[in-house]
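In what follows, a structure is listed as structure tokens, so that the remarks can point back to it.
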2 protein chains.
Amino acid sequence: MKNIVRKMNENKTGHLVKDHKRLVETYPKVPLTVDCVVFGFEENELKVLLIRSDLAVFDGLWSLLGDNVVDNEELDDAAYRILRERTGMDDVYLDQVRSFSHPSRHPGGRVITVAYCSLINIQHHHLKRLDHELHWHNVQSLTSMAFDHFEILTYCHKWLQKRIQEHPLGFNLLPDKFSLRELQNLYEAILNLQLDRRNFRKKFASMGLLIDVNEIETDVPHRPGKLYKFDFDKYEKNKRKWIGVDF
Amino acid sequence: MKNIVRKMNENKTGHLVKDHKRLVETYPKVPLTVDCVVFGFEENELKVLLIRSDLAVFDGLWSLLGDNVVDNEELDDAAYRILRERTGMDDVYLDQVRSFSHPSRHPGGRVITVAYCSLINIQHHHLKRLDHELHWHNVQSLTSMAFDHFEILTYCHKWLQKRIQEHPLGFNLLPDKFSLRELQNLYEAILNLQLDRRNFRKKFASMGLLIDVNEIETDVPHRPGKLYKFDFDKYEKNKRKWIGVDF
DNA sequence: TTTCGAATGTGTAAAAAATACACATTTAAA
DNA sequence: TTTAAATGTGTATTTTTTACACATTCGAAA
């Protein structure tokens, strides 16, 4: 089998392979999964949606939402399928982050996984079953997880920290209408640092992507802030202006 | 098979799976490959190392350096193995970029691939066989390739354009000793734009990562420039200062 | 040996972006 | 009516980025 593979690439003979279907049948195959790091934002904390592991070796530990990639399924589709199954929705922000392939990352044998990062608005999402088995966890307070999922989570968190400074992704985590304070709390939670309020507001105001909805917060025990919504349309149209290369 | 997978994740019964080896054996498997986008720099042009496709359907087209991922092999190791086989070296810059999984990306059936980006110093690398079948191509002048490799190359090129503005990766593409003009030519070739000479030099001088080797260019038909080498040690030690998070 | 062509090496001014920082205003609650 | 707490706002400073020109050095050609 390996010889055929080598022949394909080295092409020592100069012959062209005509039966490429046959060739692919000889390829070694590996189990492949997709794991979704689903971030949410609630009570001024960055949360991640986890499911309790049902492997005995990981008794009590939590794991990311994952599943096998099935025949002829694109990785993105597998990730959307997982989200749909777990949260009931798939019209959410989703991006591939990277693959993890350490041979012993799964105790049952070699399983390669592709990590995805998803951002969802917790308020919007009526999770199918949010219970003892499926739960939102504070990202900061997690210390260990099943498989290599803590490593994956840490990686995706750093990835997100970098990403939200280049793209206005944060809005995916907020309700439709939000105050600037909520927006700042979100950024502070993700980046795990304090930001200057005036400079933060100035920055977002200058982007011109906030629509003043002429409403104010209710049920706050102090002066209520104005509410805005994010101009997704304008953002889509002018992406390149703000982000440079769409990447 | 799918039911078992589902059971694992949904854990309806509350039972913990003890035989995780057995469980993984039930996972669907897919053919998985690694493709390396090997960049080089020569004659002031960004080059990519390609091999002639030996599939009849791609007669005449070129493809990236790729191979199957074999049993228990990490993706990084597979990529290094490919580099070693093709270039005779594996102590080079290498980074995973992303996976490509369109079901029809390979005419022989569904094959998922993980793309890697590698940067090598063409002068250093005495390629095993650089001939009609294995060749350096000017990136700008390529328009089509076998499989989805043109898409992968384009993606990796953009990835590199972004990456070299955040990390001093360019040095991996240059000889040990280089002039500032060569360095600038490299950046201009990768970014495909013109840079201001004084600002460019100022920027790199201020990084403090260039060691003046007290030599000058030879064989240039004009005033020769000073030669420098890159301080890899200092860079490794102070990564965080320059890059922030090591990501 | 002189001259010419071509690229090197260098600094400053202007503009833009990021940062630091304080006070009057509004609302709910006491 | 007073108090507590958070909102809303502008300017000065620093840092970073950008634009821009001329004297110098060397090789090549006359």
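Proteins come first, then strands; the chains are lettered A, B, ... in the order of their sequence lines, and each starts at number 1. Keep in mind that the numbers below use all heavy atoms, side chains included, and drop hydrogens, waters and symmetry copies.
- Remark: P of C/dG9 and CZ of B/F204 are 15 Å apart, rounded to the nearest angstrom.
- Relative to the axis of its first five pairs, the axis of the last five pairs of the helix from C/dT1-D/dA30 to C/dA30-D/dT1 sits at 0°, rounded to 10 degrees.
- The closest donor-acceptor contact from the side chain of B/T87 to the backbone of B/R84 lies at 3.5 Å or more, if one exists at all.
- The separation between B/R201 atom CZ and C/dT12 atom P is 17 Å, rounded to whole Å.
- Per the geometry, CD belonging to B/Q165 stands 15 Å off C1' belonging to D/dT16, to the nearest Å.
- With hydrogens and angles ignored, the 3.5 Å screen pairs no side-chain donor or acceptor of B/Q184 with any backbone N or O of B/R201.
- The backbone N or O of A/L174 sits less than 3.5 Å from a side-chain atom of A/N121, completing a donor-acceptor pair.
- Considering all non-hydrogen atoms of both residues, A/V114 and A/S99 come closest at CG2-OG, 3.7 Å.
- A ring-ring contact (aromatic ring centres under 6.0 Å, His included) with B/F147 holds for exactly one of B/F100, B/F58, B/W62; it is B/F58.
- In this entry the distance linking CG of A/D212 with C1' of D/dG8 reads 13 Å, nearest Å.
- Each of A/K203 and B/Y228 was matched to the nucleotide of DNA chain C holding its nearest heavy atom; the match closer to the 5' end belongs to B/Y228.
- Spacing between atom CZ of A/F200 and atom P of D/dT7 amounts to 12 Å, rounded to whole angstrom units.
- Between B/F150 and B/S144, the shortest heavy-atom distance links the atoms CD1-N, 4.2 Å.
- At distances below 3.5 Å, at least one donor-acceptor pair connects side-chain atoms of A/S101 with backbone N or O atoms of B/L75.
- Taking the six-membered ring for Trp, A/Y228 and A/F204 have ring centres at least 6.0 Å apart.
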Problem - Letter per nucleotide, 5' to 3', of nucleotides 20-30 of chain D [B base touched, S only sugar-phosphate touched, - untouched; heavy atoms, 4.0 Å] - result: BB--BBBS---

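- D/dA6 atom P lies 11 Å from atom CD of A/E217, rounded to whole Å.
- In this entry the distance linking NZ of A/K226 with P of C/dT27 reads 12 Å, nearest Å.
- Contacts with DNA chain D (heavy atom under 4.0 Å) in residues 183-195 of chain B: none are found.
- At distances below 3.5 Å, at least one donor-acceptor pair connects side-chain atoms of B/E182 with backbone N or O atoms of B/S179.
- A cation-pi arrangement, defined by a distance under 6.0 Å to the six-membered ring centre and an angle within 45 degrees of its axis, is present between A/R98 and A/Y155.
- A ring-centre distance under 6.0 Å is not found for A/F178 and A/F230.
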